[in-house]
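Here is the structure we will look at, set down as structure tokens.
Scope of the values below: all heavy atoms of this structure, side chains included, with no hydrogens, waters or symmetry mates. Since this is a predicted model, take the numbers as computed values, not measurements. Here is how names work: the chains are called A, B, and so on, in the same order as the sequence lines, proteins then strands, and each is numbered from 1.
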Number of protein chains: 2
Amino acid sequence: MNAPSGQRASRQREVILRELCGLRCHPTADELYDRVRKTLPRISLGTVYRNLELMTENGLILKLGPGERRRFDGNAHPHPHVRCLACGRVDDIAPELEPPALTDADLQGYQIIGCTIEYTGICPDCRQASPAFLGTVPPGED
Amino acid sequence: MNAPSGQRASRQREVILRELCGLRCHPTADELYDRVRKTLPRISLGTVYRNLELMTENGLILKLGPGERRRFDGNAHPHPHVRCLACGRVDDIAPELEPPALTDADLQGYQIIGCTIEYTGICPDCRQASPAFLGTVPPGED
DNA sequence: TTCCGTGCAAACCCTTTGCACCTTT
DNA sequence: AAAGGTGCAAAGGGTTTGCACGGAA
């Protein structure tokens with residue numbers, strides 16, 4: 001899961017990773033780009049994106065947020081979903097499930113308004129369509 | 001929270017809403033566009049987007065997934081996050097928290113691989129900056 | 001008659017990609 | 001030298017928006 005042999009070290013990658021790991025909040029690609037440019041003024045945004053993608057694949061970092069396009073739900077009451085990593089389909093799951101309660105110590109001054117729970121997995125159709133999904137190893141998607 | 005007085009009925013909105021509510025999975029805007037076009041062949045994708053946005057604001061439907069741009073996390077181990085609805089900032093929260101377990105009955109044939117938990121709320125900075133956030137009512141953002 | 005909603009197309013924005021040059025191995 | 005990585009700029013793809021027309025109130 002770590003850097004494949006055919007991969008080389010680069011200063012850009014090193015700086016991006018160090019910068020990202022040094023933050024306790026979670027920046028967007030161009031926020032990170034701005035920060036990294038203080039050290040490497042000539043780096044390009046494309047390089048930042050390429051390396052973030054690479055490091056995600058190598059399991060060094062996490063890509064937050066929806067795998068892909070935005071989706072809509074005709075049921076306006078928040079409830080848990082499952083997203084198929086193979087085909088992107090989204091279904092409801094365990095509708096009765098309640099978001100885990102937080103302690104005051106957890107809050108760090110945040111006022112909580114809601115909670116989104118999204119499981120990821122492989123849907124029945126994709127499991128049937130591709131034997132590769134029958135095992136326990138997740139596919140390469142984010 | 002429902003349709004403001006200055007809002008009119010339209011066949012397009014009605015068809016979009018009926019179509020969306022009739023689905024048990026959760027389509028993207030253009031998947032919905034394709035379906036709605038079977039009833040209203042001349043509807044435009046822009047109208048679909050505009051109405052989805054409007055219905056989300058009116059609380060009739062749910063927009064799934066984080067509100068905005070993708071973010072990255074230097075910690076590759078999945079863990080819960082909080083997103084500030086006012087400024088978009090994302091922080092870690094309750095790192096020890098485990099995803100709720102699902103029963104076999106919940107799974108519907110899905111093979112579960114992971115789980116994302118994201119709380120939404122107002123961060124300390126925004127609560128301090130804007131008195132409007134001191135109450136319990138969420139702001140209009142998604 | 002208002003003025004909100006629509007269709008159309010252009011504009012936007014974030015992200016990805018092709019290419020020639022540079023750097024690591 | 002070979003092959004991956006970079007900067008730059010253009011292309012992509014989803015979403016938003018300006019405008020003039022159509023339709024609900």
N/O to N/O distances under 3.5 Å, protein versus nucleotides 19-25 of chain D:
residue, atom, partner, partner atom, Å
D/dG23, N2, B/Arg8, NH1, 2.6
D/dA24, N3, B/Arg8, NH1, 3.2

For B/Ser44, all residues meeting side-chain hydrogen bond (donor to acceptor under 3.5 Å, both in side chains), sequence neighbours excluded
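B/Ser44 satisfies side-chain hydrogen bond (donor to acceptor under 3.5 Å, both in side chains) with B/Thr47 only.
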
Considering residues at least two apart in sequence or located in another chain, which fulfil the salt bridge (charged side-chain N to carboxylate O under 4.0 Å, His left out) criterion with A/Asp30?
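For A/Asp30, the residues satisfying salt bridge (charged side-chain N to carboxylate O under 4.0 Å, His left out) (neighbours in sequence not counted) are B/Arg69.
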
Qualifying residues under salt bridge (charged side-chain N to carboxylate O under 4.0 Å, His left out), relative to B/Asp91, sequence neighbours excluded
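Per chain and number, B/Asp91 pairs via salt bridge (charged side-chain N to carboxylate O under 4.0 Å, His left out) with B/Arg89.
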
Could I get the full list of ring-ring contact (aromatic ring centres under 6.0 Å, His included) partners for A/His26, not counting sequence neighbours?
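Only B/His81 meet the ring-ring contact (aromatic ring centres under 6.0 Å, His included) criterion with A/His26.
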
Which residue lies toward the 5' end of DNA chain C, A/Asp30 or B/Arg13, if each is placed at its nearest nucleotide?
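In this pair, the answer is B/Arg13.
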
Quick one: on DNA chain C, does B/Val48 or B/Phe72 contact a more 5' nucleotide (nearest heavy atom)?
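Residue closer to the 5' terminus by nearest nucleotide: B/Val48.
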
Taking only distance into account, with no hydrogens and no angle test, what donor-acceptor pairs under 3.5 Å do side-chain atoms of residues 33-43 of chain A form with protein atoms, sequence neighbours excluded?
residue, atom, partner, partner atom, Å
A/Asp34, OD1, A/Arg37, NH2, 2.9

Provide, to the nearest angstrom, the distance between the [atom1] atom belonging to [X] and the [atom2] atom belonging to [N].
X	N	atom1	atom2	result
B/Leu54	C/dT6	CG	C1'	13 Å
B/Glu53	D/dT16	CD	C1'	10 Å
B/Leu52	C/dG5	CG	P	15 Å
A/Leu64	C/dC14	CG	P	17 Å
B/Tyr33	D/dG13	OH	P	17 Å

Heavy-atom side-chain contact between B/Asn58 and B/Gln7 under 4.5 Å
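Sidechains of B/Gln7 and B/Asn58: in contact.
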
Assign A/Asn51 to base, sugar-phosphate, or nothing according to its heavy-atom contacts below 4.0 angstrom with the strands shown.
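Sugar-phosphate contact only.
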
Can you check whether B/Gln12 has a side-chain N or O nearer than 4.0 Å to OP1 or OP2 of C/dG5?
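For B/Gln12, the contact criterion (side-chain N or O under 4.0 Å from OP1 or OP2 of C/dG5) is not met.
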
Qualifying residues under side-chain contact (heavy atoms from CB on, under 4.5 Å), relative to B/Gln108, sequence neighbours excluded
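Listed in chain order: A/Ile93.
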
Is the side chain of B/Arg13 donor-acceptor paired with the backbone N or O of B/Arg8 at a distance under 3.5 Å, no angle test?
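Pair found, side chain donor or acceptor close to backbone of B/Arg8.
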
Residues in contact with DNA chain D, drawn from residues 37-45 of chain B - heavy-atom cutoff 4.0 Å
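The stretch gives B/Leu45 as the residues lying under 4.0 Å from the strand, ordered by number.
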
Could you pull out every donor-acceptor pair under 3.5 Å between side chains of residues 97-105 of chain A and any protein atom, sequence neighbours left out?
residue, atom, partner, partner atom, Å
A/Thr103, OG1, A/Ala105, N, 3.4
A/Thr103, OG1, A/Asp106, N, 3.2
A/Thr103, OG1, A/Asp106, OD2, 3.1

